[in-house]
Each structure stands twice: as structure tokens, then as C-alpha cells.
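One structure is given below, encoded as C-alpha cells.
Model, not experiment: these values are computed from the prediction. Throughout, numbering of the chain's residues begins at 1 and tracks the sequence.
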Amino acid sequence: MKEGEIETVKYTECINTWGGELRDRVEIEDNRITGRFIDILPRSWEDIGKR
């Protein structure tokens with residue numbers, strides 16, 4: 001497993017345990033990527049047991 005894959009598994013375990021959702025974010029300045037982030041946000045929907 002690569003380092004990035006290990007981090008993804010950790011995020012997934014946190015989300016499955018406490019709920020929430022992931023949002024990826026990239027900051028760009030002068031046509032260059034200056035930052036890559038993964039934000040864990042509180043769940044914005046209610047789990048009612050249906051899809």
C-alpha cells in the first residue's frame with residue numbers, strides 16, 4: 001500500500017466511525033498549485049435508513 005492509500009483508509013475509518021463527509025480542496029496561485037487539502041465536514045444530511 002502506498003502512503004496516500006494509507007491516509008485514505010484512515011480518513012474512511014474516521015468517517016465511518018463518527019460520520020461526516022470529505023471535501024477535497026486545491027489552492028491555486030499564479031497558475032500553480034500551492035496547497036492540497038482534505039476537509040472532514042460535519043454530516044449535512046440525516047441518515048433515515050433509506051437511499
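Residue D24 qualifies as open at atom CG: its count of foreign heavy atoms under 6.0 Å is 12 or below.
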Expected list for residues 28-37: side-chain donor-acceptor pairs under 3.5 angstrom, two or more places apart:
unit_1: T34; atom_1: OG1; unit_2: E27; atom_2: O; d: 3.2

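Contact annotation: the side chain of R23 never approaches that of I38 to less than 4.5 Å [non-hydrogen atoms, C-beta and beyond].
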